[in-house]
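Encoded as structure tokens, the structure appears first; notes follow it.
Each chain gets a letter, A, B and so on, in the order the sequences are listed, and its residues count up from 1.
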2 protein chains.
Amino acid sequence: MILKGPVEWGLHCCAVLSGLPEGQYLATRELAEFHGIPKEYLSKAMQSLSQASIVETSLGPRGGYRLAKAPDQITLLEIVEAIEGKHSTFICTEIRKNNPCLTFTNPDSKPCAIARVMWEADEAWRARLQRERLSDILETVKRDVPGELLRKNQEWISSRTQ
Amino acid sequence: MILKGPVEWGLHCCAVLSGLPEGQYLATRELAEFHGIPKEYLSKAMQSLSQASIVETSLGPRGGYRLAKAPDQITLLEIVEAIEGKHSTFICTEIRKNNPCLTFTNPDSKPCAIARVMWEADEAWRARLQRERLSDILETVKRDVPGELLRKNQEWISSRTQ
DNA sequence: CAAATTAAGGATATATATTGTCCTTAATTA
DNA sequence: TAATTAAGGACAATATATATCCTTAATTTG
Ligand code: FES
Ligand code: FES
């Protein structure tokens, strides 16, 4: 696990961008202000999302970010991996190779039994995140968050994109 | 995720301890030598396993560590959590609270929808590790590792416990 | 065309977490 | 009694995460 804050930021930013009117962009400055986080650092996470083709950008005045795909075509795993990277959370340093009894080399040896299970656990983690689409999150939010707040959010975004 | 190496070390040490003759202990020095890792730092991981009652200790000459339970009563999750801690890998800093539109307080609000899914993914990870017992690992190792190496390991351990 | 604005990204600084070492203490066994 | 061991505190070194600043090139708006 490499980036802590930026993952949370990226996920929330994608959720906000999904509420953007057609053809509009929202700039890093607004995304940072909305979430109360440092603009320059958030920019790194947005760059990662851009490179992963999860968001797309426009330069110049009224530029910024918007989703590159429909929310039901974006999984949480995509977003998390774009920012954190695709490497496993468990890193095997092959300490079994240090075994003093290992005087011969075993050419066709499998990966360590312990590492394999740790990686399977990682896969289970990934599978859950892949199952969740951004659109699923949006539905939950609509159910959980008071309508008054949802309206205010819309207004806030509108006032920065017109 | 806090400790990286020590988790791998702790898992391997438990596997080694499971091959210990009845009534015998293996000291940190041997465990460190067997895995080619720093003795003093490994000691921290072993202390965590001891506090979690996964291993038990004996002081004085011929002292050291042994498993506190049968290998089929120890899950990988226990070992990992003893060393890494039980906290979730995803840390929600509640950035939603920084929303400038949030002018009122929502007393009975649920945890953030995004955090909930991230925590569910964490649960899936835990579930896989809880399903795997140390005895399962030992069986896999017996199948995968050449008998010659297994024998040498046994001898190596015996020569340090007599 | 000109000016303003924006993302991209390199360089660098700071804070925090991880990794590793050293040493003391108390317990226990041979 | 002497040797040995785990426990754990203190500390140093290193790596990583976090944050800021600045330059560049592209693009849109007017
Ligand atoms: S050698 Fe890395 S987990 Fe076994
Ligand atoms: S506020 Fe932390 S994940 Fe939503």
Side-chain angles (χ1 to χ4, degrees), chain A residues 1-10 13 17 23-33 35-68 82-85 87 89-91 93 95 160-162, chain B residues 1-10 13 17 23-33 35-68 82-85 87 89-91 93 95 160-162:
Chain A
M1 213 134 290
I2 299 186
L3 302 175
K4 198 174 58 181
V7 171
E8 187 185 6
W9 305 349
C13 284
L17 290 179
Q24 305 278 355
Y25 296 85
L26 198 59
T28 311
R29 183 172 359 92
E30 275 70 44
L31 285 169
E33 184 188 346
H35 294 110
I37 57 183
K39 166 180 168 286
E40 307 280 1
Y41 194 24
L42 169 62
S43 169
K44 306 295 183 186
M46 295 310 296
Q47 285 170 37
S48 298
L49 292 175
S50 176
Q51 284 171 356
S53 297
I54 294 167
V55 301
E56 53 191 18
T57 67
S58 172
L59 291 178
R62 316 281 321 282
Y65 295 96
R66 73 178 174 195
L67 292 183
I83 296 174
E84 274 220 333
H87 48 257
T89 57
F90 178 76
I91 295 168
T93 64
I95 54 172
R160 323 269 152 159
T161 52
Q162 297 177 25
Chain B
M1 211 135 290
I2 299 186
L3 302 174
K4 197 174 58 181
V7 171
E8 187 186 7
W9 305 348
C13 285
L17 291 179
Q24 304 279 355
Y25 296 85
L26 197 59
T28 310
R29 183 172 358 93
E30 275 70 46
L31 285 169
E33 184 189 346
H35 294 110
I37 55 183
K39 165 180 169 286
E40 306 281 0
Y41 194 23
L42 169 62
S43 168
K44 306 296 182 185
M46 296 310 296
Q47 284 171 38
S48 299
L49 292 175
S50 175
Q51 284 172 355
S53 298
I54 294 167
V55 300
E56 53 191 19
T57 67
S58 172
L59 291 178
R62 316 281 322 281
Y65 294 97
R66 71 178 175 196
L67 292 185
I83 297 175
E84 274 220 333
H87 49 256
T89 58
F90 178 77
I91 295 167
T93 64
I95 54 172
R160 324 268 152 158
T161 52
Q162 299 176 26

Q: Ignoring the backbone of B:T57, work out which of D:dA17, D:dA7, C:dA8 is nearest its side chain.
A: D:dA7
Q: Using a 4.0 Å heavy-atom cut-off, write out nucleotides 22-30 of chain D from 5' to 3' as B (base contacted by protein), S (sugar-phosphate only) or - (no contact).
A: B---BBBS-
(Q) Closer than 3.5 angstrom, by distance alone: can the side chain of A:E30 be matched with the main-chain N or O of A:R160 as a donor-acceptor pair? (A) no
Q.
Here's a test of your reading of the structure: between A:G64 and A:K44, which maps to the more 5' nucleotide of DNA chain C?
A. A:G64
Q | Pair A:T89-B:T89, side-chain contact (heavy atoms from CB on, under 4.5 Å): steps then yes or no | A | CA-CA 9 Å; A:T89 57; B:T89 58; 5.9 Å; no
Q: Could you pull out the closest heavy-atom pair between A:A32 and A:L42, with the gap in Å?
A: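 Heavy atoms only, the tightest pair is N-CD2, 3.6 Å.
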Q. So which heavy atom on A:A82 is nearest to which on A:S48, and how close?
A.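 Closest approach of A:A82 to A:S48, heavy atoms only: O-CB, 3.4 Å.
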Q: Working to the nearest 0.5 Å, report the span between CD of B:E8 and NZ of B:K4.
A: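 Result: 10.0 Å between the selected atoms.
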In whole Å, what is the span from the [atom1] atom of [X] to the [atom2] atom of [N]?
| X | N | atom1 | atom2 | value |
| --- | --- | --- | --- | --- |
| B:Y41 | D:dA15 | OH | P | 13 Å |
| B:L49 | D:dG8 | CG | P | 13 Å |
| B:E84 | C:dA17 | CD | P | 15 Å |
| B:I91 | C:dT16 | CD1 | C1' | 12 Å |
| B:R66 | D:dT5 | CZ | P | 16 Å |
| B:L42 | D:dG8 | CG | P | 15 Å |
| A:I83 | D:dA17 | CD1 | P | 14 Å |
| B:K39 | D:dA7 | NZ | C1' | 12 Å |

Does [X] place a side-chain N or O at less than 4.0 Å from the phosphate oxygens OP1/OP2 of [N]?
| X | N | value |
| --- | --- | --- |
| B:Y65 | D:dA7 | yes |
| A:S43 | C:dG9 | no |
| A:Q51 | C:dA8 | no |

Q.
Working note: B:T28 + B:Y65, criterion side-chain contact (heavy atoms from CB on, under 4.5 Å); need CA distance, chi angles, decisive distance, verdict.
A. CA-CA 8 Å; B:T28 310; B:Y65 294 97; 3.3 Å; yes
Q.
Does A:M46 form a side-chain contact (heavy atoms from CB on, under 4.5 Å) with A:S50? I'd like the steps, not just the answer.
A. CA-CA 6 Å; A:M46 295 310 296; A:S50 176; over 6 Å; no
